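Please read the structure below before turning to the comments.
Chain A is the first sequence line, chain B the second, and so forth, proteins listed ahead of strands; every chain is numbered from 1. None of these values were measured; they are calculated from a predicted model.
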Amino acid sequence: MKKTAKKRPTDEFSTLLLKWNKEKNTRDMPWKGEKDPYRIWLSEIILQQTRVEQGLAYYERFIAKFPTIKDLAAAPDTTVFKLWEGLGYYSRCRNLLVTARYISSDLNGVFPDTYDDIRALKGIGPYTASAISSFAYNLPHAVVDGNVFRVLSRIFGILTPIDSTEGKKYFTELADELLDKKNPGLYNQAIMDFGAVVCKPALPLCPTCVYNKDCYAYLEHKVNELPVKEKKTSIKKRWFYYLLIEHKGKLAIRQRTGKDIWNQLYEFPVIETTAEQETAALIDMAEQQEWIIPDKYSLSFVSPLFKQQLSHQLIAGRFISIKADRSGKLPAGAAWVSKKEMAEYPFPKFINQFLEKRDAIDQTLF
DNA sequence: AATCCGGGGTA
DNA sequence: TACCCAGGATT
């Protein structure tokens, strides 16, 4: 039996972390200790840029409806998007389907078990590949997520911006050095729990923290300045005027396509502008589009102003209800659906918040 | 290297 | 409001 290697400075970090984890960490989550790579993968995709509290219910619903990756792979797109509805970042859902179908068909349902093969899957980047390979297969890859950036920058006093190329490289290398190579899964889980519970973004629990005797940020009173981020988000305003065109008891909807927000979700025919518009001007535009035919419709309702704040955009707009006696042209790909059928389609939050209030606003609306 | 992609919680 | 969250893809 070889003697233990000489203790390096960085060993102290993981020793304290695992000690905290064993003695103080009471955080419990359904995927903790999970070994089924499908469940681990699903939880990680759901949790990308998403708080545990927000993603939890989605995870439970997905597992209940799709117990195995083949169940997920066999589901229609719309069914899966409907289950994802409201969670945001819908490209995750698209990539989830692509990967589920690839593994089911090409890999006979067997999840890849090396870091590189996992990393190559759609929707899986460095973080998720490290998480899956360490949790499912105990491979020595350190996770670097928002928690890790925060914990390491504060304790070690790293001032390099975390959203710079240099910063990402530096933090990744440090994280891999610090990783307990014998317990990668346990270590990775512990550091993220620690960041979420103790070394929180706001009001971290420094007075009782196991690192407070030598934490750079705590000793230098820079806890609130770390981690450093260099880019500020700029927000642009967009106006969405949705036309609820009703004809023979049905409403026109279409699927969003392209590279814009809410790709693959559904919506009503929309007139988008960069400034607020009067209803009359919008009706004119709808006539010019030939969505409605002059004298063959009646304007029945204009909603109050609705707003939604996204990360990089502020969406404002109204819902304009029109009863059409004759059907005009519709936007490409649009179809007529009944109220009952509407429930099957995934809509963005902006539309759902209107649909939920619709009955309270006007009982006569579709 | 910069930008885009949601929705919700918190101070 | 501004910032952050178990990030990744695209340009």
Do A/Lys82 and A/Glu85 meet the salt-bridge criterion of a basic N to acidic O distance under 4.0 Å?
yes
Any N or O donor-acceptor pair under 3.5 Å from the base of C/dA6 to the side chain of A/Gln189?
yes
Just how far, in rounded Å, is C1' of B/dT3 from CD1 of A/Ile261?
15 Å
Looking only at N and O atoms, is any donor in the side chain of A/Ser311 or the base of B/dG6 less than 3.5 Å from an acceptor on the other one?
yes
I'd like to know if A/Arg150 reaches the base of C/dC4 with its side chain such that a donor and an acceptor end up less than 3.5 angstrom apart.
no
Winner on side-chain proximity to A/Lys231, out of B/dG7, C/dG8, B/dA2, is B/dA2
Rounded to the nearest angstrom, tell me the gap between atom CZ in A/Arg94 and atom P in C/dA9.
14 Å
Would you classify A/Ile124 as touching base, sugar-phosphate or nothing, given that sugar-phosphate means primed atoms plus P, OP1 and OP2, and contacts are heavy atoms under 4.0 Å?
sugar-phosphate
Tell me: CZ of A/Arg92 to C1' of B/dG7, nearest whole Å?
9 Å
Mapping A/Arg51 and A/Lys122 to their closest nucleotides on DNA chain C, which lands nearer the 5' end?
A/Arg51
Side chain of A/Gln48 only, please: which of C/dG7, B/dG7, B/dC5 is the nearest?
C/dG7
Without decimals, in angstroms, what is the distance between A/Leu47 CG and C/dC5 P?
13 Å
I want to verify a distance call: between C/dG8, B/dG7, B/dC5, whose nearest atom is closest to the A/Gln54 side chain?
B/dG7
For a quick check of understanding: with a heavy-atom distance under 4.0 Å over all strands, which category does A/Asn188 fall into, base, sugar-phosphate or nothing?
nothing
How far does the C1' atom of B/dA11 sit from the matching atom of C/dA6, given to the nearest Å?
22 Å
Can you identify which nucleotide, out of C/dA9, B/dG7, B/dC4, has its nearest atom closest to the A/Tyr90 side chain?
B/dG7
Are A/Tyr211 and A/Phe13 close enough that their ring centers fall under 6.0 Å?
yes
Taking atom types as they are modelled, would you say the side chain of A/Tyr89 forms a donor-acceptor pair with the base of B/dG6 within the 3.5 Å cutoff?
yes
Remember a base hit wins even if backbone is also touched, and classify A/Gly195 as base, sugar-phosphate or nothing at under 4.0 Å, heavy atoms.
nothing
Would you say CD of A/Glu278 has more than 12 non-hydrogen atoms from neighbouring residues, nucleotides or ligands within 6.0 angstrom?
no
Categorize A/Arg27 for me: base, sugar-phosphate, or nothing, with a 4.0 angstrom heavy-atom threshold over every strand shown.
base
What nucleotide among C/dC5, C/dA6, B/dG6 has an atom nearest to a side-chain atom of A/Pro201?
C/dC5
May I ask you to say what A/Thr128 touches in the nucleic acid, namely base, sugar-phosphate or nothing, with a heavy-atom cut-off under 4.0 Å?
sugar-phosphate
More 5' along DNA chain B: A/Pro348 or A/Lys236, using each one's nearest nucleotide?
A/Lys236
Separation of C/dC5 atom P from A/Asp163 atom CG, nearest Å, is 12 Å
Taking the P atom in each of B/dG8 and C/dG8, what is the distance between them to the nearest angstrom?
22 Å
What integer distance in Å separates A/Phe149:CZ from C/dA6:P?
13 Å
Ring centres of A/Phe194 and A/Tyr187 under 6.0 Å apart?
no
5'-most by nearest nucleotide on DNA chain C - A/Asn95 or A/Phe135:
A/Phe135
Indicate, with a heavy-atom threshold strictly under 4.0 Å, whether A/Ser91 touches base, sugar-phosphate, or nothing.
nothing
Reckon A/Asp193 touches a base, only the sugar-phosphate, or nothing at all at heavy-atom distances under 4.0 Å?
base
Tell me what A/Trp31 touches on the nucleic acid: a base, only sugar-phosphate, or nothing, going by heavy atoms under 4.0 Å.
base
Between A/Tyr297 and A/Glu287, do the side chains contain a donor N or O and an acceptor N or O under 3.5 Å apart?
yes
Only one of A/Lys237, A/Gln308, A/Arg238 passes side-chain hydrogen bond (donor to acceptor under 3.5 Å, both in side chains) with A/Gln313; say which it is.
A/Arg238
Inspect the surroundings of NZ in A/Lys329 and state if more than 12 heavy atoms from other residues, nucleotides or ligands are less than 6.0 Å away.
no
Separation of atom CD in A/Glu44 from atom P in C/dG7, rounded to whole Å
9 Å
Under 4.0 Å: is that the gap between some side-chain N or O of A/Lys349 and OP1 or OP2 of B/dG8?
yes
So, A/Tyr127 and A/Gln48: side-chain donor and acceptor under 3.5 Å apart, yes or no?
no
Does a side-chain N or O of A/Gln313 approach OP1 or OP2 of B/dG6 to a distance below 4.0 Å, or not?
no
Hey, which of these two, A/Lys168 or A/Glu53, hits DNA chain B nearer its 5' end, going by closest nucleotide?
A/Lys168
Kindly point out which of C/dA6, C/dG7, B/dG7 is positioned nearest to the side chain of A/Gln49?
C/dG7
A/Gln308 has an atom CD; how far is it from atom P of B/dG6, in whole Å?
10 Å
If you check every side-chain atom of A/Thr50, which of B/dG6, C/dC5, B/dT3 has the closest atom?
B/dG6
Testing C/dA9, C/dA6, C/dC4 for proximity to the side chain of A/Val52, the answer is C/dA6
